[in-house]
Amino acid sequence: MSIRIYNTLSREKETFVPLDQERVTVYACGPTVYNFAHIGNARPAVIFDLLYRVLARRFPNVIYARNITDVDDKINAAAAAEGVSIDVITRRYADAYHADMAALGVGRPTVEPRATEHIDAIIAMIERLIDKGHAYEAEGHVLFNVDNFPEYGQLSRRDRREMIAGARVEIAPYKKHPGDFVLWKPSSDDLPGWDSPWGRGRPGWHIECSAMSAAHLGKVIDIHAGGQDLVFPHHENEIAQSRCAHGTDTFARYWMHNGFVTVEKRKMSKSLGNTLIVHELLKQWPGEALRYLLLSAHYRQPLDWSETALEQAQSTLDRLYGLLRDYPPATSSDTVEVDPAVTAALEDDLNTPTALAALNGLARQLSTAEAVERPVLAARLRATGALVGLLQQAPSAWFSQRQVDVELDEAAIMQLIEQRQQARQARDFAEADRIRDDLAARGIVIKDGPEGTNWEVAAK
RNA sequence: GGCUAGGUGGCAGAGUGGUUAUGCAGCGGCCUGCAAAGCCGUGUACCUCGGUUCGACUCCGGGCCUAGCCUCCA
């Protein structure tokens, strides 16, 4: 069994064979930190973090780089609007990004390079491109010369010549070819900038990923990942810059692109104003439910976000955690094997829906097993959940986290449950039901089981 | 206009040339003082029209529809 990956470059599923078994390199385009992340930004973070986990099971040394873009005109605009320097903005939103992603079970990448820390490398790369005749200076800008790179358009399957006809934006007069893109642009005094051979300025967006992936991963990397909307022009430009600067015939060997999160079938995007901010969603929903929903569709398919879908994800997790409730995490240090059906699904181009189906199959086995077999199956369910980033909380923590908008505290609830229990034993069912109804009215649902009575906050 | 993806049961969402996806909801049953929860059982769904085939939801072609990229965007 090997790992299969759909490669945007070939538009086919391919067997993943790294360049160097001992050093597997992955680069994912990370956030531009000028605002809170929306759930569409969270999808690649979740997916490619999972990719990293799947790779790490097989290869001893996987280096996963996910950058933070901390120089950008949108950041400048946000800073200007608040009258603060850009690092106030970038620090605030980078911190928020980390907190929000952690709530979704996303780990930190191996390296998290920032553009502002790689200005020298960026300038050096631009100089190399100019020296090799792949870039030119014009009116304080440095532009990449698309005409010099015949394979431009290979990833997105676009014809350079047709880009002129299709251009919907006014083309800057200093461009030699309409498809030429900015590597460096001049900064006025009020904008952040760095000294360079072309005057004080700042890097264009595309060049930073090229410079940082080369700095941390090498000239040729195994996997480059990002959202579908980055295929053109961002990734196309990265390929052009990197290959021309390094004189290689490959930049990234496998390209992976996630589909969009949609709302009412429309792409969620900041410009459409239909974004759902992770930070806000987390105030109402467990991060794990958001994660489950993000994993419930295959990463290359669109995922239509809705409150209904979120409730379904939460109900499913309720059942799963309910099964685990009587089986606390194993105290023995025995390593439990992850369900092979789940690893097989994940290794087949990250088929998370099939993996979740297998996880549910495991839950079914657990629920129907003989009592003696249950602890082992529960342990396996947890271990398997660990790979996909689910089911790692204590069940009691999962069920009590929805307490937020309930006025009763846990002790009061337990006391009422005890009173009801006594009433039931005394066969005073009118009183027992009164207590139950009272709790229900306050949003607490009673669940009687063979081992006693559990409770949880009612679904909204 | 160019280029990409898709159209699956009430909803979400995989997959396969002939065999149960899975989850949520629903229905029937067990359990329960009654419920809830849980457990058991339960649904021949695959846009349309042609073609290939012994056989197509699955392959090929046409059509219709939807979304995306071509401009900052995950």
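Basis for what follows: all heavy atoms, side chains included, without hydrogens, waters or symmetry-related copies. Quick caveat, the model's predicted, so the values are computed rather than measured. Below, chain A is the first sequence line, B the second, and so on; all start at residue 1.
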Is there a side-chain hydrogen bond (donor to acceptor under 3.5 Å, both in side chains) between A:E238 and A:Y27? Walk through the geometry before answering.
CA-CA 12 Å; A:E238 280 190 59; A:Y27 186 97; 5.9 Å; no
Report the base-pairing partner of [N] (Watson-Crick or G-U wobble, both distances below 3.5 angstrom), or none.
{"N": "B:A35", "result": "none"}
{"N": "B:A45", "result": "none"}
{"N": "B:G17", "result": "none"}
{"N": "B:G1", "result": "B:C70"}
{"N": "B:A12", "result": "B:U22"}

Between [X] ([atom1]) and [N] ([atom2]), how many Å, whole number?
{"X": "A:R300", "N": "B:G7", "atom1": "CZ", "atom2": "P", "answer": "12 Å"}
{"X": "A:N237", "N": "B:C72", "atom1": "CG", "atom2": "P", "answer": "9 Å"}
{"X": "A:L230", "N": "B:G68", "atom1": "CG", "atom2": "C1'", "answer": "13 Å"}
{"X": "A:D229", "N": "B:A5", "atom1": "CG", "atom2": "C1'", "answer": "14 Å"}
{"X": "A:Q425", "N": "B:U32", "atom1": "CD", "atom2": "P", "answer": "16 Å"}
{"X": "A:R11", "N": "B:U4", "atom1": "CZ", "atom2": "C1'", "answer": "7 Å"}
{"X": "A:L320", "N": "B:C24", "atom1": "CG", "atom2": "C1'", "answer": "13 Å"}
{"X": "A:Q228", "N": "B:G6", "atom1": "CD", "atom2": "C1'", "answer": "11 Å"}

So, do A:Y254 and A:F16 have ring centers that fall under 6.0 Å from each other?
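Yes - the distance between ring centres of A:Y254 and A:F16 falls below the 6.0 Å cut-off.
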Can the ring centroids of A:H234 and A:W205 be said to lie less than 6.0 angstrom from one another?
yes
Quick one: does A:R325's side chain have a donor or acceptor within less than 3.5 Å of a partner on A:S396's backbone?
no
Give one of base, sugar-phosphate or nothing for [X], where a contact means two heavy atoms less than 4.0 Å apart.
{"X": "A:N258", "result": "base"}
{"X": "A:G40", "result": "base"}
{"X": "A:T308", "result": "nothing"}
{"X": "A:G322", "result": "nothing"}

Would you measure the distance from the [atom1] atom in [N] across to the matching atom in [M] and give it in whole Å?
{"N": "B:U8", "M": "B:U48", "atom1": "C1'", "result": "15 Å"}
{"N": "B:A37", "M": "B:C24", "atom1": "P", "result": "12 Å"}
{"N": "B:C70", "M": "B:A21", "atom1": "C1'", "result": "37 Å"}
{"N": "B:G26", "M": "B:G43", "atom1": "C1'", "result": "10 Å"}
{"N": "B:G68", "M": "B:A74", "atom1": "P", "result": "16 Å"}
{"N": "B:U53", "M": "B:C60", "atom1": "P", "result": "16 Å"}
{"N": "B:C54", "M": "B:U16", "atom1": "P", "result": "24 Å"}
{"N": "B:G55", "M": "B:C31", "atom1": "C1'", "result": "46 Å"}

Within 45° of the six-membered ring axis of [Y] and under 6.0 Å from that ring's centre, is NZ or CZ of [X] located there?
{"X": "A:R158", "Y": "A:F232", "answer": "yes"}
{"X": "A:R300", "Y": "A:Y6", "answer": "yes"}
{"X": "A:R43", "Y": "A:Y299", "answer": "no"}

Distances for protein N/O vs nucleotides 58-61 of chain B N/O pairs under 3.5 angstrom?
none

Which nucleotides of nucleotides 33-48 of chain B have their base under 4.0 Å from a protein heavy atom (B), which only their sugar-phosphate (S), and which neither (-), written as one string 5' to 3'?
BBBBBSSSS-------
Have a look at A:V54 and tell me which of A:L350, A:D49, A:V62, A:I5 forms a side-chain contact (heavy atoms from CB on, under 4.5 Å) with it.
A:L350
Can you spot which of A:I277, A:D100, A:V261, A:V278 makes a side-chain contact (heavy atoms from CB on, under 4.5 Å) with A:H38?
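Per the side-chain contact (heavy atoms from CB on, under 4.5 Å) rule, the option paired with A:H38 is A:I277, out of A:I277, A:D100, A:V261, A:V278.
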Scan A:Y152, A:F251, A:W255 and name whichever one has a ring pair (Phe, Tyr, Trp, His ring centres under 6.0 Å) with A:H235.
A:W255
For A:S269 and A:A313, find the nucleotide of RNA chain B closest to each by heavy atoms; which residue's nucleotide sits nearer the 5' end?
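Nearest nucleotide further toward 5': that of A:A313.
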Whichever of A:Y6 and A:Y34 has the more 5' nearest nucleotide on RNA chain B, that residue is A:Y6
Salt bridge (charged side-chain N to carboxylate O under 4.0 Å, His left out) contacts in which one or both residues fall within residues 68-77 of chain A, not counting sequence neighbours:
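Sorted pair list: A:D72-A:K74, A:D73-A:K185, A:D73-A:R202.
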Which nucleotide sits closest to the side chain of A:A357: B:U22, B:C72, B:A74?
B:U22
Looking at residues at least two apart in the chain, or sitting in another chain, which of them share a ring-ring contact (aromatic ring centres under 6.0 Å, His included) with A:Y52?
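For A:Y52 the ring-ring contact (aromatic ring centres under 6.0 Å, His included) partners, ignoring immediate neighbours, are A:Y64.
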So does A:N41 get a side-chain nitrogen or oxygen closer than 4.0 Å to the phosphate oxygens (OP1/OP2) of B:A74?
yes
OP1 or OP2 of B:C70 less than 4.0 angstrom from a side-chain nitrogen or oxygen of A:R157, does that happen here?
no
With sequence neighbours left out, write down each residue that passes side-chain contact (heavy atoms from CB on, under 4.5 Å) with A:R266, or none if nothing qualifies.
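Per chain and number, A:R266 pairs via side-chain contact (heavy atoms from CB on, under 4.5 Å) with A:N274.
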Once hydrogens and angles are ignored, does a donor-acceptor distance under 3.5 Å link the base of B:C72 to the side chain of A:K270?
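Under the 3.5 Å cut-off, the side chain and the base do not form any donor-acceptor pair.
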Short heteroatom pairs, N/O only, protein and nucleotides 12-17 of chain B, under 3.5 Å:
unit_1: B:A14; atom_1: OP1; unit_2: A:H298; atom_2: N; d: 2.6
unit_1: B:A14; atom_1: O3'; unit_2: A:N351; atom_2: ND2; d: 3.3
unit_1: B:A14; atom_1: O2'; unit_2: A:T354; atom_2: OG1; d: 2.4
unit_1: B:G15; atom_1: OP1; unit_2: A:N351; atom_2: ND2; d: 3.2

Less than 4.0 Å between a side-chain N and a carboxylate O, is that true for A:E288 and A:R291?
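Salt bridge between A:R291 and A:E288, a charged N being under 4.0 Å from a carboxylate O: no.
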